[in-house]
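Scroll down for the structure; my scribbles are underneath it.
First the proteins, then the strands, lettered A, B, ... as listed; each starts at 1.
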There are 2 protein chains.
Amino acid sequence: MNYEKYSIGQLAKKTACKVETVHYYEKIGLMPEPPRTEGGHRVYALPHVKRLNFIRRSRALGFRIEQIKELLKFIDEPNHYCGEVKAMAMQQASVVQEKIADLQRLQSALNEMIIQCSTGNKPVDDCPIVDALYTENVVGQG
Amino acid sequence: MNYEKYSIGQLAKKTACKVETVHYYEKIGLMPEPPRTEGGHRVYALPHVKRLNFIRRSRALGFRIEQIKELLKFIDEPNHYCGEVKAMAMQQASVVQEKIADLQRLQSALNEMIIQCSTGNKPVDDCPIVDALYTENVVGQG
DNA sequence: CTTGAACCTATAGTAACTATAGGTTCTATA
DNA sequence: TATAGAACCTATAGTTACTATAGGTTCAAG
């Protein structure tokens, strides 16, 4: 029994990914060039589905394309160990932690501005938010 | 007594912004076309500094260029009230809140994967992280 | 008056796709 | 089996918010 075959549209549906994105991933070398029909349509099989899932899930975790290329290299090449993958995951976790901290600072700044502007019925040149944007260092570091 | 004048380089330094970015903001209509010297160099004054500060700080709060155009419209045109600005700030706060929640989910997913992969000395095809990326819905919604 | 830093314009590159145009193939139905 | 139209193909341009480059001109200090 053969593997099941998928058109690019079916692959896209299975992985919640657009057809154009699959084209794009092929162009940049993340996805392999698959076999084609007589007429030139791409034909995919299960390993393609799994690989594309891997890519999309890694993207959803915030990995950049270049990082995903490295992750795939660990997988495609023999003689790699789990620790290399774990290290990248930990690195990514610290990047995400930073982003969360940035956004939380930003959120405080916005909330403070909103609280200042209690009534909302002042002319714009009296607005505390506008004032803050003009004159304050709105997003602090610490 | 005249206002002080600034070259584009001085303006950039005062606002922690690159010269190219000022060019860009002028091209897209965020910054006005300033007067020029005989030789064609741009000449700025204090209102330009304040406006650019406003733009940069709004960007630091995560506002998009199109939103900043609207904020500036409130300021440039008469007859706008603080409430319009406040509404945009609140809208932005909720966008930021969403992003924080997304990143926190993402962080949990990464941490769980990292914990699973305790030793780091397994071959890659036995790695729990790789396995998760291949087969799990890594970033849940709730 | 000369030198070199700073400025000028215009264009291309970045990340990670998305959208469009214009044409071909596949497949379901009459 | 003929055909309509959905899905596919390639190539190119657009998106966001800049950044970088090339190739030339102006300004300011010595």
Taking A/Gln92 for the side chain and A/Gly62 for the main chain, is one N or O donor matched with an acceptor at less than 3.5 Å?
yes
Shortest non-hydrogen contact between B/Arg51 and B/Leu30, atoms and distance
NE-O, 3.0 Å
Is the side chain of A/Gln107 donor-acceptor paired with the backbone N or O of B/Val96 at a distance under 3.5 Å, no angle test?
no
Of A/Phe63 and B/Ile8, the one whose closest DNA chain C nucleotide lies more 5'
B/Ile8
Only distances under 3.5 Å count here; give the side-chain donor-acceptor pairs of residues 17-28 of chain A to other protein atoms, sequence neighbours excluded, each with its distance to 0.1 Å.
| from | atom 1 | to | atom 2 | distance (Å) |
| --- | --- | --- | --- | --- |
| A/His23 | NE2 | A/Arg42 | NH1 | 3.4 |
| A/Tyr25 | OH | A/Arg56 | NH1 | 2.7 |
| A/Glu26 | OE1 | A/Arg42 | NE | 2.8 |

Rounded to whole angstrom units, what separation is found between the CD atom of A/Glu20 and the P atom of D/dA7?
13 Å
I'd like to know if the side chain of B/Glu70 reaches the main chain of B/Gln67, judged simply by a donor and an acceptor atom lying under 3.5 Å from each other, with no hydrogens or angles considered.
no
Tell me, for nucleotides 23-29 of chain C in 5' to 3' order, what letter each nucleotide earns: B for a base near a protein heavy atom under 4.0 Å, S for only sugar-phosphate near one, - for neither?
--SS---
Would a 4.5 Å heavy-atom cut-off, applied to side chains only, mark B/Tyr44 and B/Val49 as touching?
no
From CD1 of B/Ile65 over to P of D/dT16, roughly how many Å is that when rounded to an integer?
10 Å
Selection: residues 21-34 of chain B, any non-hydrogen atom under 4.0 Å of DNA chain D
B/Thr21, B/Tyr24, B/Tyr25
Would you say B/Arg36 places a side-chain N or O within less than 4.0 Å of OP1 or OP2 belonging to C/dT9?
yes
Side-chain N or O of A/Arg56 closer than 4.0 Å to phosphate OP1/OP2 of C/dA16
no
Ignoring the backbone of B/Ser7, work out which of C/dC17, C/dC7, D/dA17 is nearest its side chain.
C/dC7
Closer than 4.0 angstrom, basic N to acidic O: yes or no for A/Lys69 and A/Glu66?
yes
Please determine whether a side-chain nitrogen of the Lys or Arg among A/Lys99 and A/Asp102 lies less than 4.0 Å from a carboxylate oxygen of the Asp or Glu.
no
Any side-chain N or O of B/Arg42 below 4.0 angstrom from OP1/OP2 of C/dT9?
yes
